[in-house]
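Reading through the structure tokens given below for one structure.
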Amino acid sequence: MAAAGAAATDLEVVRGKRAALFFAAVAIVLGLPLWWKTTETYRASLPYSQISGLNALQLRLMVPVTVVFTRESVPLDDQEKLPFTVVHEREIPLKYKMKIKCRFQKAYRRALDYEEEALSSGSAQEAEAMLDEPQEQAEGSLTVYVISEHSSLLPQDMMSYIGPKRTAVVRGIMHREAFNIIGRRIIQVAQAMSLTEDVLAAALADHLPEDKWSAEKRRPLKSSLGYEITFSLLNPDPKSHDVHWDIEGAVRRYVQPFLNALSAAGNFSVDSQILYYAMLGVNPRFDSASSSYYLDMHNLPHVINPVESRLGSSAASLYPVLNFLLYVPELAHSPLYIQDKDGAPVATNAFHSPRWGGIMVYNVDSKAYNASALPVRVEVDMVRVMEVFLAQLRLLFGIAQPQVPPKCLLSGPKSEGLTTWELDRLLWARSVENLATATTTLTSLAQLLGKISNIVIKDNVASEVYRAVAAIQKSAEELASGHLASAFVASQEAVTSSECAFFDPSLLHLLYFPDDQKFAIYIPLFLPMAVPILLSLVKIFLETRKSWKKPEKTD
Amino acid sequence: MAAAMPLALFVLQLLGPGGWCLAEPQRDSLREELVITPLPSGDVAATFQFRTRWDSELQREGVSHYRLFPKALGQLISKYSLRELHLSFTQGFWRTRYWGPPFLQAPSGAELWVWFQDTVTNVDKSWKELSNVLSGIFCASLNFIDSTNTVTPTASFKPLGLANDTDHYFLRYAVLPREVVCTENLTPWKKLLPCSSKAGLSVLLKADRLFHTSYHSQAVHIRPVCRNARCTSISWELRQTLSVVFDAFITGQGKKDWSLFRMFSRTLTEPCPLASESRVYVDITNYNQDNETLEVNPPPTTTYQDVILGTRKTYAIYDLLDTATINNSRNLNIQLKWKRPAENGYIHYQPAQDRLQPHLLEMLIQLPANSVTKVSIQFERALLKWTEYTPDPNHGFYVSPSVLSALVPSMVAAKPVDWEESPLFNSLFPVSDGSNYFVRLYTEPLLVNLPTPDFSMPYNVICLTCTVVAVCYGSFYNLLTRTFHIEEPRTGGLAKRLANLIRRIRGVPLL
């Protein structure tokens, strides 16, 4: 009876153990995954390793240079060796994690007949015109013509000439080391026309550690898909001045050709507006000697803010806006001049603000007041105004003066105010800048996602990231093979995709869900459920161990 | 930010010297107008309208040159291919019963309705983007407009301007009734005006006065209109309107007189030099049946009569562009006085202060015979602080009864009695003569149900659910995992052990 009772009890004990184990198993096998699945944040997989690989990306910027030798430019036996190709590679030392190497791939060949003919003409411009016709050069490539030492194409004291298109002319030499000497000159010219450290440093200004030139280098606008240019005429005193400006004609005549030449670098839209009763934020200082008013240089930063609120900029697009303000000072503050650091009036009476735009003060001719009653009709001299604004526009787009090698003749710009190689240089710089921006964006996105585990990564964000990575790689390849146009397009795509991923609103949805609140919700349910399971598991474990040890004892 | 940079000027080979297109007629014009209407209730309504007309076909031109038309809105028209845009922000409600019909109607909150051009392919996307941009321009929460509160009416919202066809697919309408209108909406609205708020009628737009009103409604209407009589081409019209109703009665201590300065705390000083028309209209129609007359000061030069909203109205006109209007006194402060003051009633109102003092409203009224007079007071139900609720908040809160004290004419003329001698029940209230007797009536107290919140609902729910689950689970778990067996009844227990302990001490055999 007792034995049977004990057996029954044992059976019960075993059944109890099994039930406890089963509970634990269900909780672990079914409960935990269910809880995990229902509360997890969806995260699509991202190419983390590729993104971290981008930081160590080596950019090789290849500039294809075609070097054309005319007769008598180099010794005859040297000419025998033509055609052949020389690669000149150089690392650009920048304090940036990306290694940037610059390759000039010089393909040497002999001049064709029509080129000989063109280069034997009287002046560089004529030769330019004749060479221009037959072939269209690819973006980013250069052609350097080597002419004979005594050619009259260039003035005698000049060694080289840089044309408005993608061509340059270098004087040859009759020497045993002719190729080497000419090669060096060609590199000098080619660097001036395409890539120099300055250009790249300006492009990467945001990503480089601060140095003393950084303010200067941060002047140009950041690279973007498009730009909005707004010309505003500020007339703070419409009671005294009835100002008219022929902005439509001026834009058509001066601004549009320049922007057409620049169109490869982005979309441009131009607007103009007239703002009345728009004051500058500072009171100018009166100078009794000249009975005129002055704006000191240290006051200029305060000028912009009050005006800015009325400019109404970028209401309808996300592109950066360049503002050009023409300020006609009110009668009480006329004439108004801007002073530079030394207190001398600035010749153009204008200043610019980096990445923002330019302001020009336009004084009304004092003779006008005597003639007629108020308001005085003022016709703005648009040539004078546009000269200043276009010069500022060039600065703000980062089209700086090239560093011309010694004894080099620089042709004047074309009528648009922009040479073709300047545009190429801008595209090189913008491509590198875009790549750096996209890389930084992707890296910070990856870091952010690694740091905050609550962020949801949707499939569309992931696909944008993949697209951006692919575009960066493609752009780098295209740069290395010298296809500037497609490299620039790919780099723009990289920036667009990476920013699209970074600023996707879905990233923010679950961001704020702190752990303490989570536990406040979980604990009242989980604690009473987990404690019995854990206790019985511990008990089972102890008993099992005891029963294992027992047989040992009996041995 | 700015750095003075002596510019290295390029010698730009500019194309030609550039000739002038001389003396082109202005292609845009501005008209501004203020209508002041004394309302039947004693309040005063002021309605501003600023109309900018631009003879330009915005969509066609690549480069746009703005003069009077604001660039921000012009860009919207061309970017989103708008045909019409109507946006209004309103605080308060126009009480037609007391104020008569309004010139401009608008619902409370924000209302936006837009007709798109028929070239727009994805109307919903443009609508979403447009509402986002507008919310940025006007600092309003228009970005909350989405498909849940957007409708496409088919009958009611026809285009107000020039329109060839009205395919309702291109119409979108949304209202945000919760939108609170305040200064941050007014400032961007003012910035769209060519004269900003520096000259002309817009100097009166001072935010702290405009929002101390019973009703405030500001709106922007953009529509295409005919450029000329034959309608060969279109112009764009932007109307910025603003209506306010000043509660002149309360702020004016019961008098219905008003002046520009008292309403706006500004006066008109100079016309906007850009406006081709700048006028103030004052409604001087004698709408009351009794012979009250009103007087405006300074006397208007001209008046204007027309049938407006079904009634004949007379308006006094002040033209700001007319130099005589302002030059006399350097500023223009239009005043309106009622010749005969209104009823010799008396109203004393002392508004409540939260947790300090209650409302007090006293009115001395002379009632005509055989009439019914109703006095009603609106109140809002508000939530109290949670410690202020009584132990049984669902019972309601009492509002003390109102009091009516009256001298009622006596039916029978009583002879004056000696006050000391008369019975006590008749002599609490002194009566001056025998023809009247004094009555004081009290109304019932009002029991108001205030909303009572449940203070701890979410955690109660969580705790309750978890407890129920845990209890069920625990007993279930115990039932399944515990082993039950019958325990042999053990004699004694603690008592036995204690007894044995004592026995051991005593040296007696244990139990």
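Residue numbers begin at 1 in each chain, while the letters A, B, ... track the order of the sequences.
- The environment of B/F144 atom CZ is sparse: at most 12 non-hydrogen atoms of other residues, nucleotides or ligands sit within 6.0 angstrom.
- For the set A/A278, A/P528, A/S232, A/A250, the count of heavy-atom pairs under 4.5 angstrom toward chain B peaks at A/P528.
- For B/L68, the part lying under 4.5 angstrom from a heavy atom of chain A is the side chain only.
- Proximity to chain A (any heavy atom under 4.5 Å) is shown, for B/L480, by both the backbone and the side chain.
- Of the atoms belonging to B/E129, not a single heavy atom falls under 4.5 Å from chain A.
- Side-chain contact between A/F389 and A/H352 is absent, with no heavy-atom pair separated by less than 4.5 Å.
- If you measure heavy-atom distances from A/Y276 to chain B, the contacts under 4.5 Å come from both the backbone and the side chain.
- Taking the charged nitrogens against the carboxylate oxygens, A/K17 and A/E543 do have a contact shorter than 4.0 Å, which makes a salt bridge.
- Interface residue A/S309: backbone and side-chain heavy atoms are both found under 4.5 Å from chain B.
- Contacts between B/L479 and chain A at a heavy-atom distance below 4.5 Å involve the backbone alone (N, CA, C, O).
- At a threshold of 4.0 Å, the pair A/E422-A/R394 counts as salt-bridged, since one of the basic side-chain nitrogens sits closer than that to a carboxylate oxygen.
- Interface remark: A/A20 contributes backbone and side-chain atoms alike to the contact with chain B (heavy atom separation under 4.5 Å).
- When heavy atoms are compared at a cutoff of 4.5 Å, A/I523 does not approach chain B at all.
- Between B/S235 and B/D55, the side chains place a donor N or O and an acceptor N or O closer than 3.5 Å (distance only, hydrogens not considered).
- For B/Y473, the part lying under 4.5 angstrom from a heavy atom of chain A is the side chain only.
- Between the side chains of B/Y477 and A/S536, a donor-acceptor pair is found at a separation under 3.5 Å.
- Looking only at atom types and distance, the side chain of B/K191 has no donor-acceptor partner in the side chain of B/S196 under 3.5 Å away.
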